[in-house]
Amino acid sequence: AIKSFDRLSIEKEDFSKLKAILENFDFKSDEQELVGNIYEKIGAIQSPEIFLFLEKAYKKETTTTQIQFAILRASTYQKSKEAYKKIGELLDYDLPISDNQYEISSLFNLFINDLENAHILYPQVLEYYSIKEYHEPVVSFVKTLMESEKVHAKKIKSYKKMLITNAKLEYKRLVSWNSKQATSVSVSLSLCLSVSLSLPLSVSPCLPMCVWYVYVCLSVCLAIVTGK
């Protein structure tokens with residue numbers, strides 16, 4: 001029955017049963033994905049008590065990084081500003097770091113898909129920008145927020161120096177990447193800025209990561225300078 005859980009339809013009345021399973025069942029180490037799925041099912045239940053349960057589970061010393069990400073994803077399913085306020089608190093309490101970049105990027109994709117509520121995380125989310133694993137997801141999220149006009153660039157002027165410094169570092173990686181390519185195209189910082197002004201974000205994943213990162217970062221910096 002446990003293994004077929006992901007095919008079950010969960011209702012509000014099932015919360016107490018799911019809670020009991022998580023608290024009393026002895027899951028094996030290779031069943032962490034299942035545990036995460038249960039938390040995500042719980043997150044989809046619309047009830048005030050869900051917040052307290054997820055927060056308590058997130059802060060447990062025995063909770064793994066994989067489960068923390070599952071709990072954060074579960075919280076987004078509440079689709080409310082209150083939920084994102086709680087997400088911000090959890091990130092502030094213990095920011096999960098993973099070798100699997102997909103775990104971080106997929107979480108931020110959930111934020112991007114719910115800008116109406118996720119904008120609550122701005123500008124706090126830039127506090128995690130200095131952590132390498134969060135570079136691209138944070139900048140992409142902030143740029144998307146700015147393009148949606150749900151936030152104002154002036155709120156992150158204090159982060160401008162940090163953003164520009166990291167953009168320069170990524171530009172150096174871009175130059176290194178370009179020098180290794182069998183092409184006569186000369187890539188310059190001015191070109192990167194031109195790209196940031198002309199290309200839509202939707203095409204940026206087609207670019208090499210270092211090009212994409214400079215593009216997005218410079219776009220954010222430009223928004224800060226112009227106040228747009």
Is there a path of hydrophobic side-chain contacts, each under 4.5 Å between heavy atoms, that joins [X] and [Y]?
X     : Y      : result
Tyr77 : Ile120 : no
Tyr39 : Leu110 : no
Phe51 : Ile45  : no

Can you tell me if [atom1] on [X] sees more than 12 non-hydrogen neighbours from other groups inside 6.0 Å?
X     : atom1 : answer
Glu89 : CD    : yes
Lys56 : NZ    : no
Asp99 : CG    : no
Glu23 : CD    : yes

Gap between atom [atom2] of [Y] and atom [atom1] of [X] - 0.5 Å precision:
X      : Y      : atom1 : atom2 : result
Gln124 : Ile87  : CD    : CD1   : 10.5 Å
Ile21  : Lys41  : CD1   : NZ    : 12.5 Å
Thr144 : Phe108 : OG1   : CZ    : 11.5 Å
Phe69  : Ile97  : CZ    : CD1   : 7.0 Å
Ile38  : Leu18  : CD1   : CG    : 7.0 Å
Ser140 : Asn109 : OG    : CG    : 7.5 Å

Can you name the nearest heavy-atom pair linking [X] to [Y], along with the distance?
X      : Y      : answer
Leu54  : Gly43  : CD1-CA, 4.5 Å
Leu115 : Ser148 : CD1-CB, 3.8 Å
Gly36  : Ala70  : CA-CB, 3.6 Å
Glu133 : Gln101 : O-NE2, 2.9 Å

- [ ] List the steps and the verdict of side chain to side chain contact (heavy atoms under 4.5 Å, CB included) for Val142 and Val151.
- [x] CA-CA 9 Å; Val142 171; Val151 299; 6.0 Å; no

Task: Cation-pi check, Lys19 onto Phe53 ring (under 6.0 Å, within 45° of axis) - done: no

- [ ] With side chain to side chain contact (heavy atoms under 4.5 Å, CB included) as the test, would you mind laying out the steps for Ile67 and Gln32 before giving the verdict?
- [x] CA-CA 7 Å; Ile67 300 305; Gln32 290 297 292; 3.3 Å; yes

Task: Sidechain N-carboxylate O distance under 4.0 Å for Glu82, Lys85 - done: no

Open item on the list: Under 4.0 Å between a side-chain nitrogen and a carboxylate oxygen: does that hold for Glu116 and Lys150?
Closed with: yes

Open item on the list: Using side chain to side chain contact (heavy atoms under 4.5 Å, CB included), reason through Ile42 and Leu22 one step at a time and then give a plain yes or no.
Closed with: CA-CA 11 Å; Ile42 289 176; Leu22 289 171; 3.6 Å; yes

Open item on the list: Please determine whether side chain to side chain contact (heavy atoms under 4.5 Å, CB included) holds for the pair Lys143 and Met146, giving the CA-CA distance in whole Å, both sets of side-chain angles, and the decisive distance to 0.1 Å.
Closed with: CA-CA 5 Å; Lys143 184 175 187 297; Met146 290 181 178; 5.6 Å; no

Heavy-atom check, side chain of [X] versus side chain of [Y], under 4.5 Å:
X      : Y      : value
Glu127 : Asp92  : yes
Lys12  : Gln46  : no
Ile71  : Glu55  : no
Val138 : Ile131 : no
Tyr134 : Leu95  : yes
Pro96  : Leu107 : no

Open item on the list: Taking the ring centre of each residue, are Tyr84 and Phe111 less than 6.0 Å apart?
Closed with: yes

- [ ] Using salt bridge (Lys or Arg N to Asp or Glu O under 4.0 Å) as the criterion, list what pairs up with Glu40, not counting sequence neighbours.
- [x] Arg73

